[in-house]
Structure formats: structure tokens, C-alpha cells
Undergrad: 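Please see the structure below; I have some questions.
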Amino acid sequence: MRRDTIRRRNNICGPVLFTSTLLACILCWAVGYYFAVGFPLTINSSDTPLWKVVCQSLTSKESAYLIGFILTIGGAFLLHRANYALGLIREKTLLPFLFYLLYVSTNLGFFPLKSNSLAVFCLILAIYELFTSYHNPESKSKAFNIAFVLGIGSLLWIQILWYLPLFWWGMYQLRSISGKTILSSFIGVISVYWFLLGWSVWQQNITPFVEPFGELLDIKFSLVKNAGWIEWTGIGYAALLTAIASFNILTHEYDDNLRTRQFLSFLIALSVWSAFLFFLYDHTSEEFMGMACVPSAILVSHYFTVNKGKVVNWIFYGSILFYFTLISIQLWQNL
């Protein structure tokens, strides 16, 4: 049997399914636009000053939805490229792109824009910088870049700074940590806020510099969220898929090389950390759910790529149908 024939047979996501799912996701955005879901953008007291300015500037529904959709496609593509460059999944697959797009496009809470929409890019770039610093404790530039991009993301969503300690743990796991890399990471964050402080002084208004840090420490732990059963069903199913994928990785750790196992272990930790912060910050839980989509898309894609069989195929097809069914019910209730 020819090699390309075998590859097509093992590829769970063929061109027809990928194109159909992509078009269905676009349709979800189009229906959301028609019913103006999430528009106008709401401003909360916990939002950063920069995000408040963005919300006040986007008075056009067309602009808000176009930017939101472009950021979603861009985030999915960036995640796909990072997976391809780092070799997180042994086989070539578009599943990370597909699952990230599916997660975001079938959750009305993400429409059209959230304060973490751009922070997702920062998180993916930080993950890439971390993984490419593997076994290099002298990679001060990588540590600086990680903290710098997280600092940039914090201008719109301050809570992303809580991911920095996890990246320090990741440096330790990947043997790229040292006193110099820790110092470089501090300098990366300080550089962002040094410029912000200078701009605030120039504007004679120190509020943009001071206010976000108050929100960073505004912790409101809650196990009960103001979400309906449909939202909880979607969250629970995504958590279940991520847990199954994580368990499969941990119980088949020798199927991948040491480098890939450590990368995947960090993504598992990133999922758990995002879930913890989801309950720690009651007023910005949707943003943490959006960040959790990044590691979940990789982990779940890894599971469906390396496992074969009818049961796995049915779970995969059923998952796609499940999410589109959920958003259909949500849209119907909003009519």
C-alpha cells in the first residue's frame, strides 16, 4: 500500500471535514453578527484603562466582529504554526487550528471581542519562546521575550501576569532557568510598565499605571459561576476531553521523546493553572476559559492524532457535532 494512501487513511480530519467545520464556524460568527451577540462591548470596573479605550472606540458592530474574527483565525493559525515548528504532535495535522477555532466560535461568551483576545497571541508566543529555550540556561533573551510579551498582553488584560510564575516553573522543567533568566524576565515586565509610567507622567495622569495592579490583586474565589447549564456543559465537556488527552499522554509517556513529553507536560500544567485561575477570578472567568483553549486545543489534537479506532473516531465526530448543537441551542434561546 502506498505511503500517501496510509496517511490519508490515518488522517481523522480530511479536507472535507476540515472545510465543513471551518464554514460552520464562519456561519456561527455570521449568525452572532446578525443578532449582535455581545455588542456593544461592555466595560467593567475590572477592565484595564487601555481596554476601556478600545471598547469606547469600537462603536461599529462591523468593526468589532471583523476584528474579533480576524483575531480568532489569527490565533488558530499561530497555534498551528507553533505546533508545526515545535513538533508537539508527531504527525502533520490541522487539528490544533480546528479545535481552537471550534472552541472560540461555539461560545457566545467570546463574541465578538474580549479583553484577552490579543493576550492569546502573547500566550502562544511566550510558549514558543519557552520551548525554544530548551536546555539553555543562558537564554536570557528568551526569558526577556516571554515576560515582555506577557507584559504587552497585560496592558489589555492584567491577569495574564499570573502566568509568569508558571513560565518560571516551565523554565525549571526544561532546564533553562538560572539567576540571569529570572532577572531577564523581571526586566521584560518592568520594561513594559516603565514605558507606561513615562506615558502616564507625560499625560499627567498616573491612573493608567496604578489602576491595573489593583485589579490584579482583586481576587474573588468562587466555585459557582453565573453561567447557565449550556455554558457549563460546554466547559465540562472541554475539560473532560482535556483530562482524557492528558491522562493518555501521562500513561503513554514513552511514546514520545523526552523533549516532546516535557513540552506536553507544561501544556497540561497550563490547563490546570488556567482552570484554577478560572475559579480564582470570578469577574474575569471567561477570559481564563479563553486562555485554556490554547493548551486544550494542542492536547486534544494530540489525542485524536495518535489514537486510532472506531471509538476514537466517533468521539471526534461527536465532539464537533456536540459543540455546534450547543451553540445552536444558545442562538435559539437568544431569538
Undergrad: Within the side chain of Asn248, is there an N or O that forms a donor-acceptor pair under 3.5 Å with the backbone of Ile244?
TA: no
Undergrad: What residues, two or more places apart in sequence or in another chain, satisfy side-chain hydrogen bond (donor to acceptor under 3.5 Å, both in side chains) together with Trp157?
TA: Gln159, Thr284
Undergrad: Measure up the Tyr323 and Tyr237 rings against each other and bin them: parallel (under 30°), tilted (30 to 60°), perpendicular (over 60°).
TA: perpendicular
Undergrad: Looking at CG of Leu101 and CD1 of Ile73, how far apart are the two atoms once the value is rounded to the nearest 0.5 Å?
TA: 4.5 Å
Undergrad: Does Leu123 reach the side chain of Val149, with side-chain heavy atoms less than 4.5 Å apart?
TA: no
Undergrad: Would you sort out whether Leu326 and Asn107 count as a side-chain contact (heavy atoms from CB on, under 4.5 Å), showing the intermediate values?
TA: CA-CA 9 Å; Leu326 281 186; Asn107 190 322; over 6 Å; no
Undergrad: Between Phe278 and Trp232, how do the two ring planes meet: parallel, tilted or perpendicular, split at 30° and 60°?
TA: perpendicular
Undergrad: Please assess Tyr134 against Ser176 for the test side-chain hydrogen bond (donor to acceptor under 3.5 Å, both in side chains), listing each intermediate value before the final yes or no.
TA: CA-CA 6 Å; Tyr134 182 73; Ser176 61; over 6 Å; no
Undergrad: Of all residues at least two apart in sequence or in a different chain, which pass the side chain to side chain contact (heavy atoms under 4.5 Å, CB included) check with Gln56?
TA: Ile43
Undergrad: State, without any angle test, whether Ser60 and Glu62 hold a side-chain donor-acceptor pair at a distance under 3.5 Å.
TA: yes
Undergrad: Do the two ring centres, one from Phe186 and one from Trp168, sit under 6.0 Å apart?
TA: yes
Undergrad: Quick one: sort the Trp169 and Phe266 rings into parallel, tilted or perpendicular, breaks at 30° and 60°.
TA: parallel
Undergrad: Taking Ser141's backbone N and O only, do any of them form a donor-acceptor pair with Asn145's side chain (distance below 3.5 Å, no angle check)?
TA: yes
Undergrad: Please verify the inter-ring angle class for Phe77 with His80; under 30° counts as parallel, over 60° as perpendicular, anything in between as tilted.
TA: tilted
Undergrad: Can a donor-acceptor pair be found between the side chains of Tyr193 and Ser154 at a distance below 3.5 Å?
TA: yes
Undergrad: Using a 4.5 Å cut-off on heavy atoms from C-beta on, say whether the side chain of Trp199 contacts that of Phe209.
TA: no
Undergrad: For the pair Glu129 and Lys140, find out whether any cationic side-chain nitrogen is under 4.0 Å from an anionic carboxylate oxygen.
TA: no
Undergrad: Could you check whether any side-chain N or O of Asn116 sits under 3.5 Å from a backbone N or O of Ala119, counting only pairs where one atom can act as donor and the other as acceptor?
TA: no
Undergrad: Determine yes or no for a side-chain-to-main-chain donor-acceptor pair under 3.5 angstrom, with Thr48 supplying the side chain and Leu155 the backbone.
TA: yes
Undergrad: Are Tyr33 and Phe39 close enough that their ring centres sit under 6.0 Å apart?
TA: no
Undergrad: Is there a donor in the side chain of Asn257 and an acceptor in the side chain of Thr260, or the other way round, less than 3.5 Å apart?
TA: yes
Undergrad: Return each pair, listed once, that meets salt bridge (charged side-chain N to carboxylate O under 4.0 Å, His left out) where at least one residue sits in residues 233-251; pairs must be two or more places apart or across chains.
TA: none
Undergrad: Do Leu267 and Val294 come within less than 4.5 Å of each other through their side chains, counting heavy atoms only?
TA: no
Undergrad: Are Thr72 and Trp29 side-chain neighbours, meaning at least one heavy-atom pair lies under 4.5 Å?
TA: yes
Undergrad: Just checking, Lys92 and Tyr84: is the charged tip under 6.0 Å from the six-membered ring centre and within 45° of the axis?
TA: no
Undergrad: Sequence neighbours left out, what passes side chain to side chain contact (heavy atoms under 4.5 Å, CB included) with Thr132? Give chain and number order.
TA: Leu86, Tyr128, Lys142
Undergrad: Can you establish whether the number of heavy atoms outside Trp162 located under 6.0 Å from its atom CH2 is more than 12?
TA: no
Undergrad: What residue pairs, at least two apart or across chains, pass salt bridge (charged side-chain N to carboxylate O under 4.0 Å, His left out) with a residue in residues 34-58?
TA: Lys52-Glu211
Undergrad: Going only through I, L, V, M, F, W and Y residues with side-chain contacts under 4.5 Å, is there a path from Val272 to Ile298?
TA: no
Undergrad: What residues, two or more places apart in sequence or in another chain, satisfy side chain to side chain contact (heavy atoms under 4.5 Å, CB included) together with Leu321?
TA: Thr325
Undergrad: Within this structure, what is the CD1-CG distance for the pair Ile249 and Leu264, rounded to the nearest 0.5 Å?
TA: 4.5 Å
Undergrad: Would you say Ser105's side chain and Leu102's backbone share a donor-acceptor pair under 3.5 angstrom?
TA: no
Undergrad: Verify, without hydrogens or angle tests, whether Ser117 (side chain) and Leu113 (backbone) share a donor-acceptor contact under 3.5 angstrom.
TA: no
Undergrad: Is a side-chain N or O of Tyr100 found less than 3.5 angstrom from the main chain of Ser296, in a donor-acceptor match?
TA: no
Undergrad: For Arg90, does the CZ atom sit with more than 12 other heavy atoms under 6.0 Å from it, leaving out its own atoms?
TA: yes
